[in-house]
Undergrad: 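Structure in C-alpha cells, see below.
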2 protein chains.
Amino acid sequence: MTFGSHIRERREALRGDDPSFSLRQVAQRVGIEPAYLSKVERGQVAPPSEATIRRIAAELSEEPDLLLAMAGKVSRELQEIIMRRPQLFAELLRQLRRAPDHALLRIVREVRDGDW
Amino acid sequence: MTFGSHIRERREALRGDDPSFSLRQVAQRVGIEPAYLSKVERGQVAPPSEATIRRIAAELSEEPDLLLAMAGKVSRELQEIIMRRPQLFAELLRQLRRAPDHALLRIVREVRDGDW
DNA sequence: TGTCATGTGTACTACATAGTACACACTCGG
DNA sequence: CCGAGTGTGTACTATGTAGTACACATGACA
C-alpha cells in the first residue's frame with residue numbers, strides 16, 4: 001500500500017458518513033491545492049513535505065509517524081534524537097533491526113517504567 | 001564543532017605525518033573538486049551528500065554515523081530500519097531521548113547477548 | 001628564477017523538491 | 001437544464017541540493 005492510495009482510502013472511508021471529506025474540502029483544510037492532493041493520492045507526484053504530511057495526518061486522524069514512513073521519511077524530530085548520540089543509537093538500531101516486535105515493546109515498557 | 005571544521009582538523013592532523021593528506025589529494029581520492037572540499041571545510045557551503053560524506057569518512061578513518069550527524073543527517077540505512085516499524089521505533093526513540101548513555105549501552109549489550 | 005603544488009574566489013549548472021494556477025469534464029439535486 | 005461541487009490534466013515556478021570548471025595568489029625548493 002503506497003502513501004497515496006492509503007490516504008485516498010482513508011479519506012473515502014471518512015467521507016462515507018461525512019461529505020466534508022471530499023478531496024477539495026480536505027485539501028482546503030490542509031492548506032494545499034485540490035489538484036495537488038489529487039496527484040498525491042494517485043501517486044502521480046512524490047509525497048508532500050513532512051509538515052504537509054503532518055497536517056494530512058491530523059485531518060484524517062492518522063498516525064503521523066506511520067504516514068511519514070509510507071512516504072519514505074523519518075520525522076525530523078526522531079532524526080534529532082539520533083543525531084545527539086549518533087553512534088549509540090546507530091548501534092542500537094542495527095541491533096534491533098531483526099528483533100521481534102514483542103522484544104521492542106518490552107524495552108519500551110522497561111524504559112518507561114524506569115526499572116533499571 | 002561544525003562538520004567542516006571537524007574534517008579540516010582531522011585532515012590536518014593526518015597530514016602531520018603524511019603529506020598525501022593535502023586538500024587537493026584528499027579531494028581527488030574522495031572524487032570531488034578541491035575547490036568544493038575547501039568550501040565544505042570552511043562551512044561556506046552545506047555539507048555534501050551522504051555518499052560523499054561516507055567516502056570522506058573512509059578516507060579520514062572516521063565514523064560515518066558521527067560525520068553524518070555533524071552534517072545534520074541520519075543515514076538512509078538507519079531510516080529504513082525505522083520505517084519498517086515506524087510507531088514502535090518512534091515510541092522507543094522518544095522514550096530513550098532522555099535516557100543516560102549507560103542505559104543505552106546496557107540495552108545494546110542485552111540485545112546483543114540475546115538474554116530475553 | 002621558474003615551476004610545482006597548495007588552498008581559495010567566482011561563476012555556473014543539472015536535478016530534485018514542493019508545490020501553485022487555471023481550465024476542463026462529469027454528475028447530481030432542484 | 002443548469003449550476004454547484006466533484007475530481008483531474010496541463011503548464012509553470014521558486015527554492016534547495018550537490019556539486020563542476022577555471023582562474024588566481026601564495027609559498028617552497030632546486
Side-chain angles (χ1 to χ4, degrees), chain A residues 2-57 59-60 64 67-76 79, chain B residues 2-57 59-60 64 67-76 79:
Chain A
T2 67
F3 174 81
S5 58
H6 178 81
I7 66 169
R8 164 146 295 190
E9 286 190 12
R10 175 69 179 155
R11 184 179 59 76
E12 288 180 340
L14 290 170
R15 194 183 41 181
D17 34 53
D18 185 344
S20 84
F21 281 93
S22 77
L23 185 147
R24 282 180 115 93
Q25 294 192 45
V26 168
Q28 165 149 26
R29 290 197 296 275
V30 168
I32 56 179
E33 290 293 309
Y36 181 50
L37 179 55
S38 170
K39 278 174 284 190
V40 167
E41 284 191 350
R42 287 170 299 131
Q44 213 190 76
V45 300
S49 66
E50 174 171 345
T52 297
I53 290 174
R54 286 190 181 283
R55 293 199 304 278
I56 291 173
E59 192 56 44
L60 302 182
L67 287 195
L68 285 167
M70 287 185 150
K73 304 184 193 234
V74 169
S75 85
R76 207 54 204 167
Q79 294 192 39
Chain B
T2 67
F3 174 81
S5 59
H6 178 81
I7 65 169
R8 164 146 296 190
E9 286 190 13
R10 175 69 179 157
R11 184 178 60 77
E12 289 180 340
L14 290 170
R15 193 184 42 181
D17 34 53
D18 186 343
S20 86
F21 281 92
S22 77
L23 185 146
R24 282 178 115 94
Q25 295 192 45
V26 168
Q28 166 149 27
R29 291 197 296 275
V30 167
I32 56 178
E33 290 293 310
Y36 180 50
L37 179 55
S38 170
K39 278 174 283 192
V40 167
E41 284 192 351
R42 286 170 300 131
Q44 213 190 75
V45 300
S49 66
E50 174 171 345
T52 298
I53 290 174
R54 286 189 181 284
R55 294 199 305 276
I56 291 172
E59 193 56 44
L60 302 182
L67 287 195
L68 284 167
M70 287 184 152
K73 304 185 193 232
V74 169
S75 86
R76 207 54 205 167
Q79 293 191 39

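Just so we're on the same page: letters track the sequence lines, and every chain starts at 1.
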Undergrad: Can you tell me which nucleotide in dT8(D), dG19(C), dG9(C) comes closest to the side chain of Tyr36(A)?
TA: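 Looking only at heavy atoms from C-beta outward on Tyr36(A), the closest nucleotide is dG19(C).
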Undergrad: Does a side-chain N or O from Arg15(A) land closer than 4.0 Å to OP1 or OP2 of dG5(D), or not?
TA: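 Result: no.
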Undergrad: Between Glu33(B) (CD) and dT6(C) (C1'), how many Å, whole number?
TA: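 That distance rounds to 15 Å.
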Undergrad: On DNA chain D, check which nucleotide each of Arg24(B) and Val45(B) is closest to and give me the residue with the more 5' one.
TA: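 Of the two residues, Val45(B) wins.
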Undergrad: Mind calculating the distance between CD1 (Ile53(A)) and P (dT17(C)) to the nearest angstrom?
TA: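 In whole Å, dT17(C) P and Ile53(A) CD1 are 12 Å from each other.
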Undergrad: Using whole Å, report how far CG of Asp18(A) lies from P of dT6(D).
TA: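 After rounding, the reported distance stands at 12 Å.
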Undergrad: Can you tell me how far P of dG19(D) sits from CZ of Arg55(B), to the nearest Å?
TA: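 Distance, rounded to whole Å: 7 Å.
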Undergrad: Do the side-chain N or O atoms of Ser49(A) get closer than 4.0 angstrom to the phosphate oxygens (OP1, OP2) of dA18(C)?
TA: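 No, because none of the side-chain N or O atoms of Ser49(A) sits under 4.0 Å from OP1 or OP2 of dA18(C).
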Undergrad: Mind calculating the distance between CD1 (Ile32(A)) and P (dA21(C)) to the nearest angstrom?
TA: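 The distance from CD1 of Ile32(A) to P of dA21(C) comes to 13 Å, rounded to the nearest Å.
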Undergrad: Choose from dT20(C), dT8(C), dG19(D) the nucleotide whose nearest atom is closest to any side-chain atom of Arg42(B).
TA: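 Of dT20(C), dT8(C), dG19(D), dT8(C) is nearest to the side chain of Arg42(B).
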Undergrad: Report yes if a side-chain nitrogen or oxygen of Arg8(A) is closer than 4.0 Å to either non-bridging phosphate oxygen (OP1 or OP2) of dT8(D); otherwise report no.
TA: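 Answer is yes, contact under 4.0 Å.
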Undergrad: More than 12 foreign heavy atoms under 6.0 Å from CD of Gln28(B): is that the case here?
TA: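 Atom CD in Gln28(B) is not crowded, with 12 or fewer foreign heavy atoms closer than 6.0 Å.
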Undergrad: Taking the basic N atoms (NZ, or NE/NH1/NH2) and the acidic carboxylate oxygens, is any pair closer than 4.0 Å for Arg55(A) and Glu59(A)?
TA: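 So Arg55(A) does not pair with Glu59(A) through a salt bridge.
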Undergrad: Quick check for you: among dG7(C), dA18(D), dT8(D), whose closest atom lies nearest to any side-chain atom of Ser38(B)?
TA: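 Of dG7(C), dA18(D), dT8(D), dG7(C) is nearest to the side chain of Ser38(B).
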Undergrad: Hey, could you give me the CD1/CG distance between Ile53(A) and Leu67(A), rounded to the nearest 0.5 Å?
TA: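 Going from CD1 on Ile53(A) over to CG on Leu67(A), the span is 7.0 Å.
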Undergrad: Expressed in angstrom and rounded to an integer, what is the separation of Glu50(A) atom CD from dA18(C) atom P?
TA: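 That distance rounds to 10 Å.
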Undergrad: Taking all heavy atoms of Ile56(A) and all of Pro48(A), pick out the closest pair and write down the distance.
TA: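 Smallest interatomic distance, heavy atoms only, reads CD1-CG, 4.2 Å.
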Undergrad: Tell me the interatomic distance from Glu41(A), atom CD, to dG7(D), atom C1', rounded to whole angstroms.
TA: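 Going from Glu41(A) (CD) to dG7(D) (C1'), I get 10 Å.
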Undergrad: Check this one for me: any side-chain N or O of Lys73(A) less than 4.0 Å away from OP1 or OP2 of dA18(C)?
TA: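 Indeed, a polar side-chain atom of Lys73(A) lies that close.
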Undergrad: Between Arg11(A) and dT6(D), does any side-chain N or O lie under 4.0 Å from OP1 or OP2?
TA: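 Arg11(A) to dT6(D) OP1/OP2: no side-chain N or O under 4.0 Å.
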Undergrad: Separation of Gln44(B) atom CD from dG19(D) atom C1', in whole Å?
TA: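 Atom-to-atom, Gln44(B) to dG19(D), this comes out as 14 Å.
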Undergrad: Please determine if Arg29(A) forms a cation-pi arrangement with Phe21(A), meaning its NZ or CZ atom is less than 6.0 Å from the six-membered ring centre and no more than 45° off the ring axis.
TA: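 Ring-cation test returns yes.
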Undergrad: From the list dT10(D), dT6(D), dG19(C), which nucleotide is the closest neighbour of the side chain of Lys39(A)?
TA: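 Nearest to the side-chain atoms of Lys39(A), counting from C-beta on, is dT10(D).
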